Structure formats: C-alpha cells, structure tokens
Amino acid sequence: MSVQSIDSFAERLLGWYDRAARDLPWRHPPGSAATPDPYRVWMAEIMLQQTTVAAVAGYFTRFVQRWPTVADLAAADDADVMAAWAGLGYYARARNLLACARVVVAQHGGRFPDSEDALRALPGVGDYTAAAVAAIAFGRAAVVVDANIERVIARHRLIETPLPAAKREIRTALAPLVPQDRPGDFAQGLMDLGATICTPRAPACTRCPVSADCRARGRSDIDQLPVKPPKKAKPQRYGLAWWIEEGDAVWLVRRPGKGMLGGMRALPGGEWTGEAPTESGLVHVDHGFTHFDLRLTLVRRESAHAAGEGEWWPLSALDAAGLPTLYRKLTDRMREDIA
DNA sequence: GAGGCGTGGCA
DNA sequence: TTGCCAAGCCT
C-alpha cells in the first residue's frame with residue numbers, strides 16, 4: 001500500500017479519537033452537536049497548564065459547581081478562589097483566573113471572545129490556551145500546540161532540532177494537517193494520543209493510528225524525541241516557619257501577591273536562604289519546587305511575636321484555610337503530634 | 001530567550 | 001531514591 005492511498009492524518013486521528021477519547025469532566029462527546037460552554041473549556045485549559053488530568057479533575061468539578069458562570073467567578077472573593085485552588089500549584093494561574101473572569105465581564109459583556117487574538121489578550125491566556133479555546137469552544141481552525149502535540153509531531157516528522165527552537169518547525173508541520181470541520185476534536189485527539197500512545201517513554205506504536213507514515217517509528221531512540229535542553233541542578237534552600245498557637249487557633253498570614261506561593265495563606269516565617277538554620281524545630285519537611293529544594297523547619301513562637309497582618313485560624317478548620325501543600329505538610333505533622 | 005513559578009505520579 | 005515529567009504563562 002502506498003502512502004498516498006492511506007487516509008489523511010486528520011481522518012486517521014479523528015477515527016481513533018471517536019473510538020478512544022477519554023471521558024473527562026470538561027469534555028463533550030466527540031463530534032457532539034452540543035456547543036461546549038467556553039467558560040468550562042477555558043477553566044479546564046487553565047487548570048491543565050503543566051498539570052495532570054488526574055490532579056485537575058476534582059478541582060474542575062468543584063470550581064464549576066461553586067461558580068457556574070464567569071459572572072459568578074468574577075464576583076467571588078479573592079480569598080475564596082485562592083483557597084479553592086490550594087494544592088493545585090502555580091498559583092499565578094488562580095490570580096490570573098480571577099483577573100480574566102473580571103475582564104470578560106467588564107469588557108466583553110460576560111461572554112468569552114471567540115477569536116484567537118482576542119482570547120490571547122486575556123490574563124493568563126497564552127498561545128496554547130488561546131488556540132485551544134478557539135478550537136474547542138468556537139470551532140476555529142487554530143493550530144494548537146502543547147507538549148503532547150510537540151512530541152507527536154516531532155516524532156511523526158522526525159524533527160531533531162532541540163526545543164524550544166523546534167517549535168517553529170512543529171507548528172509549520174502541523175498547520176496544514178488541521179481539519180476545518182473538527183479542529184477542537186483534532187486538537188484533543190492529538191493530546192490524547194500523546195498522553196496515552198505517543199508517550200515520552202516506550203510509546204505504544206503498534207496501537208498508533210498514524211504510525212504508517214511516522215518517520216520515527218522503529219527507531220531505538222524514539223523516546224529521545226523531541227530533543228530537550230539539559231536541566232540545571234536545583235539548589236538547596238532552608239527556612240523557618242513559626243507555629244504560634246493561642247487557645248484552639250493558629251496564626252496564619254497571607255503571602256505577598258507575587259513570587260513564590262503568591263497570594264496564598266501561609267504560616268508566618270523567615271526568608272528562605274542557602275544557609276541551614278541552627279535553631280532546632282518541632283518538625284521539618286522537605287519540599288521540591290520547580291527551581292529549588294526547600295527544607296522548612298517549624299519552630300514554636302509566642303503569640304506576642306505575631307506581628308503584622310494575619311488571622312487566628314481554628315485548628316479544627318485548618319483544611320478550609322487553603323494552605324499550599326508545603327504548609328499543609330507541616331500542619332498535618334503538627335496535627336499528628338497533637339493527636 | 002531564559003528563568004521563575006507547584007505538585008504528584010511514575011519508573 | 002532520584003529524576004523526569006504534565007493540556008504554559010509571564011517578565
């Protein structure tokens with residue numbers, strides 16, 4: 001069989017997607033006539049940035065139940081949204097989520113714009129998310145490129161240029177493959193393919209719907225594609241957090257709006273530095289961030305030292321404080337010790 | 001362009 | 001255990 005006689009790339013991919021699409025809370029059935037709610041599509045795409053499907057599912061369901069429309073979200077208290085996002089990571093996304101909802105209400109009459117350019121101008125919406133929402137929610141034939149799609153196309157076309165320089169070639173290769181009639185399913189199909197078949201390691205090429213003309217198939221080094229730049233070593237940092245208890249409550253603060261864990265509730269404490277503290281603490285946790293590892297040691301302080309803005313939080317309701325995982329680890333340890 | 005920015009699962 | 005990685009965005 002010649003290559004010319006097989007179905008087009010999009011036909012093979014969509015045929016596979018119609019059979020194998022994952023059933024996800026934010027997803028409509030493939031080819032469904034129902035119009036996806038742009039708010040839900042946008043919400044899912046923001047949460048899915050650098051975050052696994054498994055981690056997102058519960059958060060997505062809670063958010064759209066609590067704030068069913070973009071107007072509901074725009075009217076929400078910042079503290080409630082940040083607390084609801086706690087544990088999902090990359091907290092700038094939550095700040096931008098609120099900012100975006102408020103722009104959509106204030107400047108777009110509460111309806112998401114339907115063009116890639118207008119979406120791209122919204123807070124927290126970059127090239128990927130603008131294209132994904134345009135394709136999935138509005139049927140626009142946008143060229144959607146995420147890390148899954150980069151991997152699929154880099155292998156299918158044997159693009160050996162290292163990332164991020166390869167992005168241009170990948171986009172150029174992908175653009176003519178996008179079908180005008182089902183661009184949203186096409187994008188989601190490519191992402192499902194990358195997540196389940198064309199995986200980073202040990203891809204399941206025998207089950208791949210586009211393997212017939214894949215230029216990387218059979219290569220022993222297929223899992224080296226796409227080529228990525230070397231990673232830097234992460235430095236070790238140390239810090240102290242203060243456990244200030246009074247009655248049945250603990251003193252919590254809110255971190256500055258930008259930077260690490262920006263805008264999130266936290267235990268008070270000192271700066272994080274490269275020097276290990278000499279003070280011995282109640283407990284400590286080791287926590288890995290994207291660009292450094294942190295050992296945070298909890299030390300007891302008297303309430304008289306509780307300077308600055310903060311709030312007494314009932315120990316029995318700490319789960320509702322919306323602490324990031326770093327601090328959640330410490331409070332869980334304390335709870336074990338108290339129990 | 002490169003670095004800051006979380007977290008959890010997996011081999 | 002350690003490193004890699006996941007539907008990126010912002011500066």
Side-chain angles (χ1 to χ4, degrees), chain A residues 21-22 24-27 40-60 82 85-97 99-100 119-137 142 144-152 162-168 184 186-196 198-202 223-224 226 228-237 255-264 266 272 285-294 296 322-329:
Chain A
R22 291 178 290 175
L24 304 174
W26 48 86
R27 184 176 278 180
R40 293 167 59 93
V41 173
W42 162 78
M43 176 78 72
E45 292 304 333
I46 300 299
M47 289 184 168
L48 285 162
Q49 291 167 5
Q50 297 289 285
T51 309
T52 58
V53 163
V56 164
Y59 285 86
F60 175 82
M82 298 310 289
W85 195 277
L88 197 55
Y90 285 140
Y91 297 100
R93 291 184 298 170
R95 304 193 299 268
N96 284 328
L97 189 82
C100 182
L119 288 162
R120 179 68 177 78
L122 296 170
V125 177
D127 290 339
Y128 162 76
T129 303
V133 174
I136 297 168
V144 180
V145 185
D146 79 319
N148 285 302
I149 297 175
E150 282 178 354
R151 184 170 59 254
V152 171
L163 289 171
K167 283 178 174 289
R168 179 187 301 274
F186 180 75
Q188 293 178 92
L190 273 178
M191 291 189 278
D192 272 20
L193 187 70
T196 64
C198 195
T199 49
R201 283 166 303 222
D223 58 1
Q224 300 302 307
K228 297 192 172 181
K231 294 180 174 49
K232 291 188 172 183
K234 291 196 290 187
Q236 178 71 46
R237 292 187 188 169
R255 294 181 58 83
K258 294 183 178 180
M260 288 295 303
L261 311 177
M264 299 300 290
W272 301 342
V285 297
D286 291 304
H287 191 76
F289 289 113
T290 305
H291 55 296
F292 63 91
D293 291 318
L294 178 69
L296 192 58
L323 292 175
T325 300
L326 166 67
Y327 295 106
R328 183 63 178 270
K329 287 181 181 176

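This one's a predicted model, so the numbers in the text were calculated from it and none came from an experiment. We name chains A, B, ... by the order of the sequence lines, and we start the count at 1 in each one.
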Let me know the distance between [atom1] of [X] and [atom2] of [N], rounded to the nearest Å.
X        : N     : atom1 : atom2 : answer
A:Leu88  : C:dA6 : CG    : C1'   : 12 Å
A:Leu119 : C:dC9 : CG    : P     : 12 Å
A:Leu163 : B:dA2 : CG    : P     : 12 Å
A:Leu294 : B:dG6 : CG    : P     : 12 Å
A:Phe289 : B:dC5 : CZ    : C1'   : 10 Å
A:Asp293 : C:dT1 : CG    : C1'   : 13 Å
A:Leu323 : B:dG6 : CG    : C1'   : 15 Å
A:Met264 : B:dC5 : CE    : P     : 15 Å

Phosphate oxygens OP1/OP2 of [N]: is one of them under 4.0 Å from a side-chain N or O of [X]?
X        : N      : value
A:His291 : B:dC5  : yes
A:Tyr90  : B:dG4  : no
A:His287 : B:dG6  : no
A:Thr51  : B:dG8  : no
A:Thr129 : C:dG8  : no
A:Lys231 : C:dC5  : yes
A:Gln50  : C:dG8  : yes
A:Arg95  : C:dC10 : no
A:Lys228 : C:dA6  : yes

Which is true for [X] with a 4.0 Å heavy-atom rule: it touches a base, it touches only sugar-phosphate, or it touches nothing?
X        : result
A:Gly262 : nothing
A:Val125 : sugar-phosphate
A:Ile46  : nothing
A:Arg151 : sugar-phosphate
A:Gly288 : base
A:Trp26  : base
A:Leu97  : nothing
A:Ala55  : nothing
A:Pro164 : nothing

Report the nucleotide, chosen from [options], that has the shortest atom-to-atom distance to any side-chain atom of [X].
X        : options              : answer
A:Leu261 : C:dC4, B:dT7, C:dC10 : B:dT7
A:Met260 : C:dC10, C:dG8, B:dC5 : B:dC5
A:Arg93  : B:dG6, C:dG8, C:dC10 : B:dG6
A:Thr290 : C:dC10, B:dG6, C:dA6 : B:dG6
A:Thr325 : B:dG8, B:dG3, B:dG6  : B:dG8

Between A:Ala195 and A:Pro123, just flag the one whose closest nucleotide in DNA chain C comes earlier from the 5' side. A:Ala195
5′-ward residue of the pair A:Lys258/A:Arg27 relative to DNA chain C: A:Arg27
Tell me, do A:Phe186 and A:Ile149 make a side-chain contact under 4.5 Å, heavy atoms counted? no
Work out how far the P atom of B:dG8 is from that of C:dC9, and round it to whole angstrom. 22 Å
Check the pair A:Arg120 / A:Thr129 against side chain to side chain donor-acceptor pair (under 3.5 Å), numbers first and verdict last. CA-CA 8 Å; A:Arg120 179 68 177 78; A:Thr129 303; over 6 Å; no
Walking DNA chain B from its 5' end, the first of A:Ala54 and A:Ala165 to be reached, judged by nearest nucleotide, is A:Ala165
So that I can tick it off, tell me whether A:Arg237 and A:Asp293 are bridged by a salt bridge, with the cut-off set at under 4.0 angstrom between side-chain N and carboxylate O. no
Could you tell me whether A:Asp146 and A:Arg151 have a side-chain N and a carboxylate O separated by less than 4.0 Å? no
Please confirm whether A:His291 and A:Phe289 have ring centers closer than 6.0 angstrom. no
Report yes or no: do A:Gln49 and A:Tyr128 form a side-chain donor-acceptor pair below 3.5 Å? no
How many angstroms lie between atom OG1 of A:Thr290 and atom CD of A:Gln50, to the nearest 0.5 angstrom? 8.5 Å
For the pair A:Asp223 and A:Arg201, evaluate salt bridge (charged side-chain N to carboxylate O under 4.0 Å, His left out) and give the outcome as yes or no after the intermediate values. CA-CA 5 Å; A:Asp223 58 1; A:Arg201 283 166 303 222; over 6 Å; no
